[in-house]
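Residue numbering restarts at 1 for every chain, and letters A, B, ... go by the order of the sequence lines.
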Amino acid sequence: MGLVQKVFYFHMSAAWVGMLAFLMAAVFGILYLVHKDLKWDRLLASSVEIGLLFTVICILSGMIWARPIWNTWWTWDPRLTTVTIMAFTYIAFILLRRSMDEPSKRAQFSAIYAIIGFVTVPLTFFSARLLRTIHPVIFGSGEVDMNLNQPMLTTMFISLGAFTVMYVALLLQRARLMQAEDDLMQLRMHTEIDADWEDQADA
Amino acid sequence: MKTWLGTAWVLVWKDLVQEWRSRDVLTSMFAFAVLSLFIFNYALELSPIDRAEIAPGLIWVVMVFAGTLGLNRSFAAEQDQGSFEGLMMAVPELSVIYLAKMITNLMMMFGLAILVIPIYSLLYNQSLFDLRFFGILMLGAWGYSAAGTLISSMTVQTRMRDLLLPVLLFPLLLPVNMAVVKSGSAIIAASSVPEFQSWINLLLVYDVIMTVVSIMVFEYVIRE
């Protein structure tokens, strides 16, 4: 395949983070519904944003690879379909959050949508797989479709590890930023209330 | 258990009587569906053989789009009248409300299918009267109502309301859409699709999972 094969390491790692972020969003959703702590909601929202970013990276890098190898930018393969539907779920998710103001209600709806979305992903994948596939199957297939030699495997696992670490780092940073935004909002509200008080005292 | 189902049935009956007196929603859904069939006719001028292949897909797409009109209205009466708190107090368990609204939506889809199938058969001169096909449509409508009712109970509480419903709902519906279209065209075109049974199983699995998960989480949607 030549140079274009190098896309694979980024492509697969981005896909992995996209899936992982989706799983974690559902986990954080369940944790929120159980504990009612907005900490989990912030992690959930961060996970969704990061997941969308990496899913888009995965789709675009896949297209760059597919053009020379499959001779087309796009094909209706199960994995392509599933990942793209996942991206649409992420976008829907962000739209849902943006059209709600009340933090606890928004957190509840986010949690529910994350759970429902996560439940349908395997079904989407399965339904798309009932049609045929041309996507290379790397793991768990009987046929030797795409042999990975030892240096390739090593590179892939290092890449997977690095992307996972990056996901965790981004997640924590984004959640901390959200916390700061919330704190700032609280402070603003307090100072406004205080200012109102002072105005009334002056008058 | 008896009061659970009994209450659900009372609520379904209430919604159906209400709909029967105004006939607003079903009329709009029906008009929309027939208009879409007209538009599709000009968009796809097909030979009779191709038509048999795509008929189930066309019917299902029309039902899905027309169905969003009904889903958007499914909590509208309570929202307009401000009677949702009363409804919440009247039921033994909050999930009953979900079950009732889901059954109502399913019945609307049932009514729509009964109206649209003869009209399609008439306009396109192709008989779609097949009980198995109808059964598949209803299995699809079950999954559609199960997911749609939950999503619409969420979207009525957001700022974007009916704008948001299709965006949130359609990504979740892909398995249903594929299963209905594939298994439906296998029946209508009388061709053999090897995975026919798998599609039906997939539909059943989707319907059951979606209903159960929705019943479990519904109380979080409406409780403050």
**Report entry** Options Thr158(B), Val167(B), Ile151(B), ranked by heavy-atom pairs under 4.5 Å with chain A, top entry
**Finding:** Thr158(B)
Query raised in the report: Side chain, backbone, both or neither: which part of Leu150(B) has an atom under 4.5 Å from a heavy atom of chain A?
Result: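 Looking at Leu150(B), just its side chain touches chain A.
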Query - Toward chain A, the part of Leu173(B) with a non-hydrogen atom under 4.5 Å - result: neither
In Å and rounded to the nearest 0.5 Å, what is the [atom1] to [atom2] distance from [X] to [Y]?
X: Thr155(B); Y: Leu95(A); atom1: OG1; atom2: CG; result: 12.5 Å
X: Ile209(B); Y: Ile116(A); atom1: CD1; atom2: CD1; result: 10.5 Å
X: Ser110(A); Y: Met154(B); atom1: OG; atom2: CE; result: 7.5 Å

Verify the neighbour count for atom [atom1] of [X]: are there more than 12 heavy atoms of other residues, nucleotides or ligands below 6.0 Å?
X: Tyr9(A); atom1: OH; result: yes
X: Arg176(A); atom1: CZ; result: no
X: Met185(A); atom1: CE; result: no
X: Ile114(B); atom1: CD1; result: yes
X: Phe134(B); atom1: CZ; result: yes

**Report entry** Student check: side-chain heavy atoms of Met210(B) and Thr120(A) closer than 4.5 Å
**Finding:**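 They are in contact (side-chain heavy atoms under 4.5 Å apart), so the answer is yes.
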Report task. Please tell me if the side chains of Ile112(A) and Phe218(B) come closer than 4.5 Å, counting only heavy atoms from C-beta onward. Result -> no
Query - Side chain / backbone / both / neither for Thr84(A) at chain B, heavy atoms under 4.5 Å - result: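 Contact with chain B involves no heavy atom of Thr84(A) at all.
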Report summary line: Applying a strict 4.5 Å limit to non-hydrogen atoms, the region of Arg98(A) in contact with chain B is backbone
Query raised in the report: Any donor-acceptor pair under 3.5 Å linking the side chain of Tyr113(A) with the backbone of Leu168(B)?
Result: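 The answer is yes, because a donor-acceptor pair under 3.5 Å joins these two groups.
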